[in-house]
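Before any comments, here is the structure.
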Amino acid sequence: MVKKLDKWCDIDWIIFICVTGVLTAVLAAVFWDDMPLGARGSVFLAIIMPFHVLEEWKFPGGLHYFYNIILGSKEESKRELDRFPMSRLTDMITNVGLQWIPLVYLVLCFFTELSTATALCMMLLCFIEVFAHTGAGILTYFWLRKDGKRTIYHPGFATSWMMFLPAGVYLVAHLENVTGSDWLWAVILFIIMMLICILFRKLRLKSWLFSRFRGC
């Protein structure tokens, strides 16, 4: 089991979300005119996530080192910068969830009255990504300026500004007749997504499983 999960967490999951993103883009191009706004917002997330993950992990990569320095152990002897608290396993759970949960919400948009709430939820996520990566970029700049860093670039920054921000602006521009109930459901949908994508990964299955993910 551990070997299969290790292989999945190496590159297979990234290939999986890339294939999902391509298929989503093709289907969206065909049915775009018939899709409610919430479904379009979900499509944006499903398509953007592969690009975002590739930037964070591969080109140029390195997000987990920054994350683990900031949120990991403050004692240098106890730091494992390639593993905790973010590893390939935990980030796989987060990013696969951030692609597939919106796709579940997309389906709901066709059978419920949650299209506007879903659009609001996707909009919030888009702007939060921009805010988080910009803040991290500014922090990194001040943190490494003495070592020669000259920009606020941070892994995930480019796709946040070039993809998440335009998607969020598109949703804002097309929202109509938003009600308090829509906002309430948007918050509920957002909380559900965060519980699955972030808190779930902190339930470390079994400590022995995580302990074997050296280099994850």
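Reckoned from all heavy atoms, side chains included, excluding hydrogens, waters and symmetry mates.
In this structure, CD1 in Ile196 is found 9.5 Å from CE in Met194, a value given to the nearest 0.5 Å. With rounding to the nearest 0.5 angstrom, the CG atom of Leu189 is 7.0 Å from the CE atom of Met122. From Asn177, atom CG reaches atom OG1 of Thr116 across 8.0 Å, with rounding to the nearest 0.5 Å. Atom CG of Asn95 is separated from atom CD of Gln99 by 9.0 Å, given to the nearest 0.5 angstrom. Atom NE2 of His154 and atom CG of Leu139 lie 8.5 Å apart (nearest 0.5 Å). Atom CE of Met49 and atom CE of Met163 lie 11.0 Å apart (nearest 0.5 Å).
Summarising the local packing, CG of Asp147 is surrounded by more than 12 heavy atoms from other residues, nucleotides or ligands at distances under 6.0 Å.
For the residue pair Val130 and Thr134, the shortest heavy atom distance occurs at O-OG1, 2.7 Å. Contact record, Gly156 with Thr159: O-OG1, 3.4 Å, taken as the closest heavy-atom pair. Between Cys109 and Ser115, the shortest heavy-atom distance links the atoms SG-CA, 3.8 Å. Shown here for Asp91 and Trp13, the closest heavy-atom pair between the two residues is O-CH2, 4.1 Å. The shortest non-hydrogen separation linking Cys121 to Met193 is SG-CE, 3.7 Å. Gly41 and Leu171 get closest at one heavy-atom pair: CA-CD2, 3.8 Å.
At least one side-chain heavy atom of Val96 sits under 4.5 Å from a side-chain heavy atom of Ile17. By the 4.5 Å heavy-atom criterion applied to side chains, Val19 and Val22 are not counted as neighbours. Using a 4.5 Å heavy-atom threshold, the side chains of Cys18 and Leu54 count as touching. Residues Ser42 and Val107 fail the side-chain proximity criterion, which asks for heavy atoms closer than 4.5 Å.
Pairs of residues two or more places apart, or lying in two chains, that qualify as ring-ring contact (aromatic ring centres under 6.0 Å, His included) and include a residue from residues 23-52 are Trp32-Phe44, Phe44-Tyr170, His52-His133, His52-Phe164. Listed by first and then second residue, the ring-ring contact (aromatic ring centres under 6.0 Å, His included) pairs that reach into residues 96-129 are Phe16-Trp100, sequence neighbours excluded.
Using cut-offs of 30° and 60° on the angle between ring planes, the pair Phe157 and Tyr153 is perpendicular.
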* Begin with the C-alpha distance, continue with both residues' side-chain angles, and end with the deciding distance and a verdict on side chain to side chain contact (heavy atoms under 4.5 Å, CB included) for Leu37 and Glu176. => CA-CA 10 Å; Leu37 185 62; Glu176 296 179 350; over 6 Å; no
* To do: Tell me, with the steps shown, if Thr20 and Leu103 meet side chain to side chain contact (heavy atoms under 4.5 Å, CB included).
  => CA-CA 10 Å; Thr20 301; Leu103 291 176; 3.8 Å; yes
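Following chains of ILVMFWY side-chain contacts shorter than 4.5 Å, one cannot reach Ile152 starting from Phe131, and the two form parts of different hydrophobic clusters. Note: the hydrophobic cluster containing Val104 does not contain Leu114 (ILVMFWY, side chain heavy atoms under 4.5 Å, direct or indirect links). Note on Val26: it does not cluster hydrophobically with Val43, by side-chain heavy-atom contacts below 4.5 Å among ILVMFWY residues.
Each of Leu120, Ile128, Leu195, Thr118 was scored for a side chain to side chain contact (heavy atoms under 4.5 Å, CB included) with Phe190, with one residue passing: Ile128.
Lys146 places a side-chain N or O within 3.5 Å of a backbone atom of Trp143 that can act as its donor or acceptor partner.
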